[in-house]
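Here the structure comes first, spelled out in structure tokens, and everything after it is commentary.
Just so you know, these numbers come straight off a predicted model, no measurement behind them. For the single chain, residues carry numbers from 1 onward in sequence order.
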Amino acid sequence: MTERNMTCIICPMGCSITVKMEGRNITEISGNTCKRGAAYAEAEISHPERTLTTTMRCTDGRMLSVKTDRPIPKARMLDCMQLINGHTVTPPVSIGDILMDDAFGSNIVATQALP
């Protein structure tokens, strides 16, 4: 049996969670004070995801702040960065504009406005 310790990032409490596993199967989750902490620990073990925040080049040379509109698999972060780095956007851009569709199950959206 193996154990993995993590700090929950779902709420400000920052519970110290311990996940016990046999092989790849989770046998016990402890240390969480709410159900969301247990769900976070299970997801982090089985299929970790992250929201990617970065910049995208504009055709006029400026850089635009962007992010994924939902988490993507952690293992695909570098692949997503390569997609974004190969793309340029032409201003004007508004906050929330979808700049790329379906990048690993997420859209790439603008997080700043450029006139």
Side-chain angles (χ1 to χ4, degrees):
M1 183 178 318
T2 60
E3 284 188 9
R4 182 164 169 200
N5 297 310
M6 61 183 69
T7 301
C8 181
I9 60 171
I10 298 300
C11 76
M13 289 189 63
C15 297
S16 295
I17 299 176
T18 301
V19 179
K20 293 181 181 178
M21 302 180 321
E22 287 187 20
R24 299 191 79 143
N25 296 324
I26 297 172
T27 58
E28 182 184 344
I29 298 174
S30 61
N32 55 298
T33 57
C34 67
K35 291 179 183 179
R36 294 185 314 160
Y40 165 77
E42 185 175 343
E44 187 64 16
I45 294 292
S46 60
H47 57 278
E49 295 181 318
R50 301 290 186 271
T51 299
L52 174 63
T53 58
T54 188
T55 55
M56 181 181 287
R57 188 169 308 283
C58 294
T59 54
D60 63 5
R62 293 184 286 178
M63 298 300 284
L64 175 70
S65 173
V66 300
K67 71 178 189 100
T68 55
D69 65 355
R70 58 183 127 344
I72 62 171
K74 185 178 174 184
R76 303 308 304 261
M77 296 288 276
L78 291 177
D79 297 329
C80 190
M81 283 297 303
Q82 287 180 336
L83 282 176
I84 292 170
N85 287 339
H87 190 79
T88 57
V89 63
T90 302
V93 177
S94 298
I95 294 174
D97 283 356
I98 296 175
L99 307 174
M100 293 176 68
D101 292 331
D102 193 26
F104 303 101
S106 178
N107 297 315
I108 307 301
V109 298
T111 57
Q112 78 177 94
L114 287 181

Gap separating the OG1 atom of T54 from the CD1 atom of I108, nearest 0.5 angstrom: 9.0 Å
Please tabulate, one pair per line, all N/O donor-acceptor pairs under 3.5 Å involving side-chain atoms of residues 31-38, not counting sequence neighbours.
residue : atom : partner : partner atom : Å
N32     : ND2  : C34     : O            : 2.8

Please list, one pair per line, the donor and acceptor atoms closer than 3.5 Å that link side chains of residues 21-30 to other protein atoms, with sequence neighbours excluded.
residue : atom : partner : partner atom : Å
T27     : OG1  : K20     : O            : 3.1

Do M6 and I10 sit in the same hydrophobic cluster, where Ile, Leu, Val, Met, Phe, Trp and Tyr count as joined when their side-chain heavy atoms come under 4.5 Å apart? yes
Residue pairs involving residues 47-61 (criterion salt bridge (Lys or Arg N to Asp or Glu O under 4.0 Å); sequence neighbours excluded): E44-R50, D60-R62
Could you check whether atom CE of M81 has more than 12 heavy atoms from other residues, nucleotides or ligands sitting under 6.0 Å from it? yes
Under a single-linkage definition using a 4.5 Å side-chain heavy-atom cutoff for Ile, Leu, Val, Met, Phe, Trp and Tyr, are L114 and M63 assigned to the same hydrophobic cluster? no
Would you find more than 12 non-hydrogen atoms of other residues, nucleotides or ligands less than 6.0 Å from E42 atom CD? no
Distance-only donor-acceptor pairs under 3.5 Å for side chains of residues 64-78, two or more places apart:
residue : atom : partner : partner atom : Å
S65     : OG   : T111    : OG1          : 2.4
T68     : OG1  : L52     : N            : 3.1
T68     : OG1  : R70     : O            : 3.1
D69     : OD1  : S106    : OG           : 2.9
D69     : OD1  : N107    : N            : 2.9
D69     : OD2  : N107    : ND2          : 3.2
R70     : NE   : G105    : O            : 3.3
R76     : NE   : D79     : OD2          : 2.8
R76     : NH2  : D79     : OD2          : 3.3

Check: residues 87-100 side-chain donor-acceptor pairs under 3.5 Å, at least two apart:
residue : atom : partner : partner atom : Å
H87     : NE2  : L99     : O            : 3.3
D97     : OD2  : S94     : N            : 2.8

Please name all residues satisfying salt bridge (charged side-chain N to carboxylate O under 4.0 Å, His left out) with R4, sequence neighbours left out, ordered by chain then number. none
